[in-house]
S.K.: 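The structure is given below, and queries will be raised subsequently.
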Amino acid sequence: MTERDSWEVDANCRDINVNTFFGTADQQQAATTICQPCPVRNACLDYALTRNMEYGVWGGHTQDQLHTLRRRQRRARSRR
């Protein structure tokens, strides 16, 4: 079992059509609702950020929110 599999088994989205997380803005907004109470939300977000996932909803964050988080991470690293 891979690292992703270990947390993905417990994800709220495990039985949801993946298009919900990679579809239109409305679909992605619906996906964030699925993510909010998810017990592995932080692991999912960490997975997306460390692997530079460009598309979809990860850890309850839309694509635009992920891009913002990445920019903040880069700025924080450059200040060190």
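Below, all heavy atoms of this structure are taken into account, side chains as well, without hydrogens, waters or symmetry copies. Source: prediction; values computed, not measured.
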S.K.: Checking side-chain polar atoms at under 3.5 Å, does T68 have a donor or acceptor matched by the opposite partner on R71?
M.R.: yes
S.K.: Measure the spacing between CG of L49 and CG of N42 and express it to the nearest 0.5 Å.
M.R.: 10.5 Å
S.K.: Rounded at 0.5 Å granularity, tell me how far CD in Q29 sits from OG1 in T24.
M.R.: 10.5 Å
S.K.: Going by the rule side chain to side chain contact (heavy atoms under 4.5 Å, CB included), which residues pair with R14 if we only count those two or more places apart in sequence or in a different chain?
M.R.: none
S.K.: Please round to the nearest 0.5 Å and tell me the distance separating atom CD of Q63 and atom CH2 of W58.
M.R.: 11.0 Å
S.K.: To check you understand the geometry: which heavy-atom pair defines the closest contact between C35 and V57, and what is its length?
M.R.: SG-CG1, 3.9 Å
S.K.: Who are the side chain to side chain donor-acceptor pair (under 3.5 Å) partners of Q73, not counting sequence neighbours?
M.R.: none
S.K.: List the residues meeting side chain to side chain donor-acceptor pair (under 3.5 Å) with R77, not counting sequence neighbours, and say none if there are none.
M.R.: none
S.K.: Taking only residues two or more places apart in sequence, or in another chain, which ones meet T33 in a side chain to side chain contact (heavy atoms under 4.5 Å, CB included)?
M.R.: none
S.K.: When rounded to the nearest 0.5 angstrom, what is the spacing between CD in Q28 and CZ in F22?
M.R.: 8.5 Å
S.K.: Taking G59's backbone N and O only, do any of them form a donor-acceptor pair with H61's side chain (distance below 3.5 Å, no angle check)?
M.R.: yes
S.K.: Once you round to the nearest 0.5 Å, how far does CH2 of W7 lie from CG of D46?
M.R.: 9.5 Å
S.K.: Which residues pass the side chain to side chain contact (heavy atoms under 4.5 Å, CB included) test with N17, not counting sequence neighbours?
M.R.: N19, T20
S.K.: Please list, chain by chain and in numerical order, all residues satisfying side chain to side chain contact (heavy atoms under 4.5 Å, CB included) with N52, sequence neighbours excluded.
M.R.: E54, R70
